[in-house]
Structure formats: structure tokens, C-alpha cells
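A short worksheet on the structure shown next.
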Amino acid sequence: MDQKTHEQAELADRDTVCAGCGAVAEGSPPTWTCSVENGERRYFCDSCARENIRAIEGRLDSSWW
């Protein structure tokens, strides 16, 4: 997947919000999970990722969980 490096740099400067529970973290935490759904990046905190790991590995969009 081709991603622009300036988008990655922008992301590190902003707070990251979990798409599952709404938790907020500074920058982009290395332990959070990133999923691309319908062309949009969605981030999930450690807890949400652990709770839904099978769906994530099965490539199910978060709307299915």
C-alpha cells in the first residue's frame, strides 16, 4: 500500500483517538493498532485491539464487531 510520508509525519504531531472507545493518546502510540477501512485510517487502543483481535486478523471492518 502506498502511503505518503508527509501524512505519517502529520499524524505523529496530533493526538490519536481510539475508534473503539474514544481513548486519547499523544502522537501515535507504537502499541496501538492501525486499520485502514474504506480508505480511512482508524486507530485502536491496546484494550480494544485485544478484545477484537480475531476480527482484526480476519480483516473484518470495525462495524462488524
Side-chain angles (χ1 to χ4, degrees):
M1 176 177 197
D2 294 333
Q3 295 180 1
K4 299 175 185 173
T5 56
H6 74 276
E7 288 176 5
Q8 292 171 340
E10 284 177 14
L11 185 62
D13 295 337
R14 296 186 305 209
D15 289 342
T16 303
V17 179
C18 177
C21 69
V24 179
E26 290 184 32
S28 53
T31 58
W32 282 32
T33 300
C34 176
S35 174
V36 178
E37 300 176 13
N38 298 319
E40 179 183 331
R41 288 184 192 192
R42 301 187 70 171
Y43 290 86
F44 297 94
C45 68
D46 299 336
S47 297
C48 288
R50 265 187 248 121
E51 290 174 13
N52 299 290
I53 193 68
R54 289 181 188 225
I56 292 169
E57 289 178 345
R59 299 257 181 216
L60 295 175
D61 285 350
S62 56
S63 60
W64 286 94
W65 329 334

Besides V17, the hydrophobic cluster formed by Ile, Leu, Val, Met, Phe, Trp and Tyr side chains linked at under 4.5 Å, directly or via other members, contains V24
Which pair of non-hydrogen atoms, one from [X] and one from [Y], has the smallest distance, and what is that distance?
| X | Y | result |
| --- | --- | --- |
| Y43 | C34 | CE2-CB, 3.6 Å |
| W32 | A23 | CH2-O, 3.5 Å |
| D15 | E26 | OD1-CA, 3.6 Å |

Value for CG (N52) from OG (S47), rounded to nearest 0.5 Å, stands at 10.5 Å
Next on the checklist: Between P29 and T16, is there a side-chain heavy-atom distance shorter than 4.5 Å?
Outcome noted: yes
- Message: Run the side-chain contact (heavy atoms from CB on, under 4.5 Å) test on C45 and C21 for me, step by step, so that the C-alpha distance in whole Å, both residues' side-chain angles and the decisive distance to 0.1 Å come before the verdict.
- Response: CA-CA 8 Å; C45 68; C21 69; 3.7 Å; yes
By side-chain hydrogen bond (donor to acceptor under 3.5 Å, both in side chains), R50 pairs with (sequence neighbours left out) none
